[in-house]
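Every chain is numbered from 1, with letters handed out A, B, ... down the list of sequences.
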Amino acid sequence: MMPAQVAAPDGVLLILALMLPSIGLLAIFVLGHSRPERIALPVLAANLAVALIVALQVGHSGQAATYRLGGWLPPLGITLRADGLSAALIAMAALILFVVAIYARGNFASKAGGSESRQPMVFWTLLLGLSTALNTVFLAQDLFSLFVALELLTFSAVPLVCLEGSRETLRAALRYLLFALAGSVLYLIGVALLYGAYGTLDIASLHQVTRADRATSIALGLMIAGLMAKAALFPLHLWLPPAHAGAPAPASAVLSALVVKAPFFLILRLWFDVAPQPQPVIAGTMLAALGAASILVCSVLALRQARLKLMVAYSTVAQVGYLFLVFPLVMGSEAAVPWASIGWTGGVLQLVSHAFAKASMFLAAGLIAEAMGHDRIDDLGGAAEAVPISIAAFALAGLSLMGLPPAGGFVAKVMLLTAAVVSANWWIAATILAGGLLAAGYVFRVIGRAFADPAGGAPPPKAVARSRELAVLSLAGVALLLGFLPLQPFAYLGIGQGGMP
Amino acid sequence: MSLLVDLVLVALILMAAVWTVLVRDRRDAVIAFIVLGLLLSLVWMRLYAVDVALTEAAVGGGATGLVLLRACARLLPVEAEGRLPGPGTQIAAGLLSAIAAAGLAAVVLSPPVPYPSLAALAAENIHQVGLGNPVTAVLLAYRSLDTLLEKVVLVLAVIGVWALTPDAFWGGAPGSLKSKHASGALDLLARVLPPFGIVVGIYLVWNGADHPGGTFQGGTVLAAMWLLMMMADLADPPEIRLKRLRRLVVFGPAVFIAAGFAGIFMSGWFLSYPPDYAKPIIVAVEAALALSIAVILGLLVAGPAAEPPKR
Amino acid sequence: MSAPTLYGLCAAALVGIGLFGLILHPTPLRKVISFNLVGCGAFLFFGIAARRGAGAGFAGDPIPQALVITGIVVAFAATALAVALILRMLEAGASTVDAKPLPPDDLSP
Amino acid sequence: MSVVLDAFTVITVTAGLVFFLAGTVGLLRFPDALTRLHALTKADNLGLGLIVLGLLPQCPDITSALKLIAIWVLVQFAGASASQLIAQFVRRNEPGP
Amino acid sequence: MPEFLYAAAALVLLLTGLGLMRMLWGPSPADRLMAAQLLGTGGGAIALLIAIASGTMAIIDIALTLALLAAFAAVALTLGEPGTKTRAGEGEQ
C-alpha cells in the first residue's frame, strides 16, 4: 500500500498540531531552562496559528482536512481528520490555552538567571502536554489513538491539580487519577470488544458497519460509562470540585474549560458516529437524566459553597450537565441529520461558550484571591474596587452561565430550550430554566459581596497586573461575542460530519 | 491435551486474582498480583502472542511488582489497612461486578463468524517496511502514531512523578532503593546478572525487527538491571536536574519525531519510511527508544527526588 | 471449548473481580492494584481477538497484540504515578488516605 | 536414531518431573520455611536441569540449544542467590527453628 | 512427542500451582517470597516444554526473560519487607 495521495498542506498542519506542543514540552524538559515560559509561549502561539489556519481552511474548502499517518490507509493505519466541529474545537482550545499562558506568566514566570525550579517547569511542560492531548482528542479518528489521547490528558492534568503540594490537593489529585484510570480501563475494554466485533477501530469505517447487537451495546455502554466518570457526570462527579478548586488558577481554568470537555466530545463521537442508528431512546433519556441531576444538584451545592473556587468548580459540573441534555433532544428533532438540529448545535455552542466563560471565571477568581489574599465569598467586600476588571469579567462570564442575553450561553440555552419544547421534553425545559435561576443565584451572590464595603480590619488588597486582568476580560468577551451568533444550526459545524468527505 | 494446560492455567489465574482482591494484608495482595502477572505471561504464550508474553513477563513480573512492593514497604508502618464498607455496599459491588462479567462473558461466547482480522492486510504490507515481525510493523509503521504518543505519555509520567518532589529537593536525587540489609548474595547477584541482562535486553531489541521482542521488552529488561544495581547499592539514583539524564529520556522520542518529519521529505508522509531504507531506520528508532524506555522506567520506579541536590 | 473462548471467559472474570476490588477497597493502593486487574482483563480481550483473528500465516492478528503492548506500558506508567502520589501524600502528613469527601473548608485558596 | 533420542527425552523429562513432584511434596509437607526453601531450590533446579537436558535433542537448531543451556545456568545462579536472600529474610523475621 | 511434552507442561503447571497455593496460604511471609522464585523455575520449565512441543522457538525467549527476572523479583520482594516491624508487630532491628 504505497501512499495513495500526495500530502495536502492542510493535512500537514494536523501533524503540526500534535507535534508542536510535544516538541515544546520535550525541549523544556531537556534544556532544564530557568525560564520555561520563553519556550512555552511561542509554541502555544504557533499552535494557535496552526489551529486557526486549519479552521479557516476547513471553512474555505467546505471539506474536512484529513491526514493518513505514514500514508497507511485505515483500517491498518491511523487517520487524523478535522471536520467543522473538530476544527472549531482545536481553535477554541488553542485560543484558551494561549490566553491562559499569558495570564500564567504572572504565576509561573521564573526569575532570570536562576536555576530551574519545580512549579514553572512542571506547569509549562504539562500545559503543552494538555495541548497535545486535546488536539489529539479532537483530531484522531481511531478509537485506540483516542485512548492514548485520553491518557495524555490524564497524565498532564493530574499533576497540575497538586502543583501546590498541600495534603488536600494531593488527595484531590489522587482521587482524580483513580477516577480517570477507572474510566480509561472501561473505555479500553469497549475498544477491545469493538475490535473483536468489527476488526477495525477507525471511526469512519465503524460508522459503516456497526450493528445493533449485544457486543456493540456492551462495548459502547462500557466506553460511555468510563467517559462519564472522566466528564464528571453526576453521580461520578465527586472528584471534580476538590481537584479543580485545588489547582492553581490557570490550571483550574484549563481543567474546567477544556479537559472535561474532551470525554464529552468522545461520547458525542461514539453516539453519533460509531453507534448504530437509531439509538435506543432509553439510553439517551438516561444520559439526559443524569445531566439534569448534575445541573440541579451541583448548582444547589455551588450556591452553598463558602469558597469562590469551589463554587466555580461545582458550577462546572452543573454546566457540563447541560451538554448531556443533547441526546434526547436530537432524537426528538425532525432534522434529517443530527448536526442540522438546533439541539445538537445548542449543545456544541454550550460547550464552547462554557469553555470561554469558565476559563475567564476561574482566572478572575484567581486574581480576586491574589488581590484579597483569600477566596471566602462572604469576605469579598471591596473586591469590586480592588480588581474591577476581574469582577466585570466574572460578571460577564456569569451571564453566559445563567443564560442571559447577550452572552453565548444565552444562545446555547435558548437553542436547547427550544429543542426541548419542540420535542415535548418538558422536564428538560424545566431543568434548563431552573439551572439558569440557580446559576443567577450563585453568580449574583459573588457580585453582590464584591460590591459590599470592605470588612473592617481586612488587610488592604494587593495590586495585580493589568495585563492579566485584560487577558481574563478578553476570554469573557469571547464568551459574550458568541451571543451574537444567529439562532440556527451552523453549516460550518456540519462540514465533514457523518462520514461525508 | 494442550487444553489441559489452559484449564489449569485459568484455574490458577482466577485463584490468584481472587486472592489479590480478598487477602487482608496489602503486601500479600501485591505478591499475588505479581504471581498473576507471571501466570498471564504464560497465557500470552498459549495465545501465541509471544511479544506480549515477553512484555507481560518483564513489566508484570518486574517493573510493576517493584513499584508496588516499594510502596508497601513504605506504607506499612504508616497507613492502616482501611476498613471495608458494610455488607450492603459489598453485595451491591458484587452484583455490579457480576453483571459486568456476565455481560462480557456473553460477548465472548458469541463471536462473529467469520472472525474479523487485519492479519491478512498486515501480512500484505509487511514487505514495504522490510520487517519479519508483524507486531513490530504495527508498532513502528502502521500505527506508529500511537507508539509515538505513548512515548510522550511516558515523558509526561516522569514529569508527573517528579512534580511530587518537595520544593526544597528539586533537582536532587530520588530516594535510595538500596535494601536495608546488606547482603553478599545481593551484591553478587547485582554484579553478575546485569551483564547477562544487558545482553538479553539488546538481543530482544535487535531481534524484535524480525522475531518476537522489541523496544519495550528489551528496554524493560535493561531497566530491571539498572534497578537491580541501584538496589544493591552499586549505582545511585541520578539527580533529576542532570542534563545528561534528561537527554537520555528525550533521546528516543526525539529520534522518533525526527524520523517522522524526515518521512515527509523522503516519502511524502509523516512517519512513513522509504521502502529501501525502512528497516535500518526502524531499527535505529527502536534502539533509541529502548535506551530512553530503560531510563524512563528506572526513573518512574525510583520516584520523586528525596534529597536536595549536591553542590 | 476452544482456548481463546476459555481465556475470554477468564478475562471477563478478571474484569469482574477487579471491578469488585476497585469498589470494595477504601485504600488507594488496593484500588490501584484492582485497577491493574481490570486492565489485565481488558488486555486479554485484545488477546483473544488476536488469537481468533489468526490468519495469513500469522498465529495471531498482530494489531491487537501491538495495542496490548502499548496498553501495558501506559498502565505501568499510571501505576507508577499513582504510587508516587500515594507516598507523597503520606509524607505530606495525611494520617489516612481513605477517599472521604473533603470538608468544604479544607481547601486553601 | 530419532527413536533413541525420543526415548532419552521421555526418560529425562520424566525424571525432571519426578524432581518437581518431590519439590512440591516438600513444599507442602516440610515444617518450616528454611526446609521448604531447601526443597524448592534443590528440587526445582534439578528438575529444570533434567528437563533442559531432555529437551536438548529436540532442539531444531544450535541457537535454541545454547539458549536452553543459558537459561539453566541463569536459573542455577539466580536461584542460588535468591534463596540466599530469602534465607536471610527468614533469619531476620522468624525466631530460629 | 508433542503430546508427551504438553502433558509434562500441564503437570509442571499443576505442581507449580499446588506450590503456589501453599505459598499464598503459608504461615510466614517468607513462604510468599518463595512464590516468585517457584514461578521463575516452574514458569521457565513450562515455557521450554511448550516451546519445543509447539515448535515455536520464540517462546524460549520468554523462558529466558522469566529466568532473568525471577531473581529480580526475589530481590524486590526482600526489598518490600517492612524494615521497622514484622507482621506480628514485634520490634526488629
Side-chain angles (χ1 to χ4, degrees), chain B residues 3 6 10 13-14 17-18 20-21 26 29 33 40 43-44 46-49 51-52 55 59 63-64 67 71 74-75 78-80 82-84 90 93-94 97-98 100-101 104-105 108 111 115 117-120 122-123 134-135 138-139 143 146 150 153-154 157 160-161 164 216 300 303-304, chain C residues 3-17 19-21 23-27 29-30 33-34 36-37 40 44 47-48 50-63 65-66 68-70 72-74 76-77 79-81 83-88 90 96-98:
Chain B
L3 197 62
D6 298 318
V10 167
I13 283 177
L14 293 182
V18 170
T20 305
V21 166
R26 188 189 295 118
F33 180 73
L40 278 172
V43 170
W44 289 108
R46 294 292 300 138
L47 291 169
Y48 293 90
D51 297 86
V52 185
T55 313
V59 179
T64 306
V67 166
R74 289 168 66 186
L75 280 173
V78 190
E79 191 203 358
R83 185 161 302 182
L84 294 184
Q90 291 197 20
S97 320
L104 291 169
V108 169
Y115 205 82
S117 166
L118 294 180
V135 179
V138 178
L139 283 172
R143 298 186 62 98
D146 286 350
E150 168 224 348
V153 169
L154 285 178
V161 168
L164 299 168
F216 196 71
L300 286 178
Chain C
T5 309
L6 182 64
Y7 288 119
L9 295 177
C10 178
L14 276 180
V15 170
I17 295 167
L19 279 181
F20 180 68
I23 307 172
L24 182 77
H25 284 292
T27 51
L29 191 73
R30 296 298 293 263
I33 299 172
S34 301
N36 272 295
L37 274 183
C40 290
L44 264 188
I48 62 160
R51 183 66 184 131
R52 283 175 167 173
F58 297 146
D61 184 351
I63 280 85
Q65 296 183 40
V68 172
I69 292 176
T70 305
I72 290 177
V73 182
V74 171
F76 167 73
T79 305
L81 182 61
V83 163
L85 251 174
I86 293 170
L87 294 176
R88 177 75 175 92
L90 287 171
T96 170
V97 273
D98 285 2

Check whether any side-chain N or O of C/Arg88 sits under 3.5 Å from a backbone N or O of B/Leu164 as a donor-acceptor pair, and report yes or no. yes
Does any backbone or side-chain atom of C/Phe20 lie under 4.5 Å from a heavy atom of chain B? Answer side chain, backbone, both or neither. both
Atom pair CG (C/Leu14) and SG (C/Cys40), whose distance is rounded to the nearest 0.5 Å: 6.5 Å
How long is the gap from CD on B/Glu150 to CZ on B/Arg143, to the nearest 0.5 Å? 12.0 Å
Sequence neighbours excluded, which residues qualify as side-chain hydrogen bond (donor to acceptor under 3.5 Å, both in side chains) partners of C/Arg52? C/Thr5
Honestly, the part of B/Ala100 sitting under 4.5 Å from a heavy atom of chain C is side chain
Of the backbone (N, CA, C, O) and the side chain (C-beta and beyond), which part of C/Ala50 lies under 4.5 Å from a heavy atom of chain B, both, or neither? neither
Are the side chains of C/Ile72 and B/Val52 in touch, meaning some heavy atoms are under 4.5 Å apart? yes
At a heavy-atom separation under 4.5 Å, does C/Val73 approach chain B through its side chain, its backbone, both, or neither? both
Could you tell me which portion of B/Gln90 (side chain, backbone, both or neither) has an atom closer than 4.5 angstrom to a non-hydrogen atom of chain C? both
Verdict with reasoning, B/Leu300 to C/Phe76, per side chain to side chain contact (heavy atoms under 4.5 Å, CB included): CA-CA 9 Å; B/Leu300 286 178; C/Phe76 167 73; 3.8 Å; yes
B/Val59 versus chain C, the contacting section by heavy-atom distance below 4.5 Å: side chain
Does any backbone or side-chain atom of C/Leu87 lie under 4.5 Å from a heavy atom of chain B? Answer side chain, backbone, both or neither. side chain
C/Arg51 side-chain N/O to C/Asp61 backbone N/O, donor-acceptor pair under 3.5 Å: no
So which of C/Ile48, C/Val74, C/Leu85, C/Leu6 has the largest heavy-atom pair count under 4.5 angstrom toward chain B? C/Leu6
By a 4.5 Å heavy-atom criterion (distance strictly below it), what part of B/Leu154 contacts chain C: side chain, backbone, both, or neither? side chain
Checked C/Ile69, C/Ile23, C/Leu19 vs chain B; the most non-hydrogen pairs under 4.5 Å come from C/Ile69
Determine whether B/Asp6 and B/Arg46 make a side-chain contact, defined as any pair of heavy atoms from C-beta on separated by less than 4.5 Å. yes
Region of B/Leu118 in contact with chain C, defined by heavy-atom distances below 4.5 Å: both
Find the one option among B/Asp146, B/Leu14, B/Leu40, B/Leu47 whose heavy-atom pairs under 4.5 Å with chain C are most numerous. B/Leu47
Of all of C/Ala13, C/Gly47, C/Pro4, C/Ala59, which one pairs up most often with chain B through heavy atoms under 4.5 Å apart? C/Gly47
What residues form a side-chain hydrogen bond (donor to acceptor under 3.5 Å, both in side chains) with C/Asn36, not counting sequence neighbours? C/Thr79
Report the option among B/Gly160, B/Ala101, B/Ala29, B/Ser97 that has the most heavy-atom pairs separated by less than 4.5 Å from atoms of chain C. B/Ser97
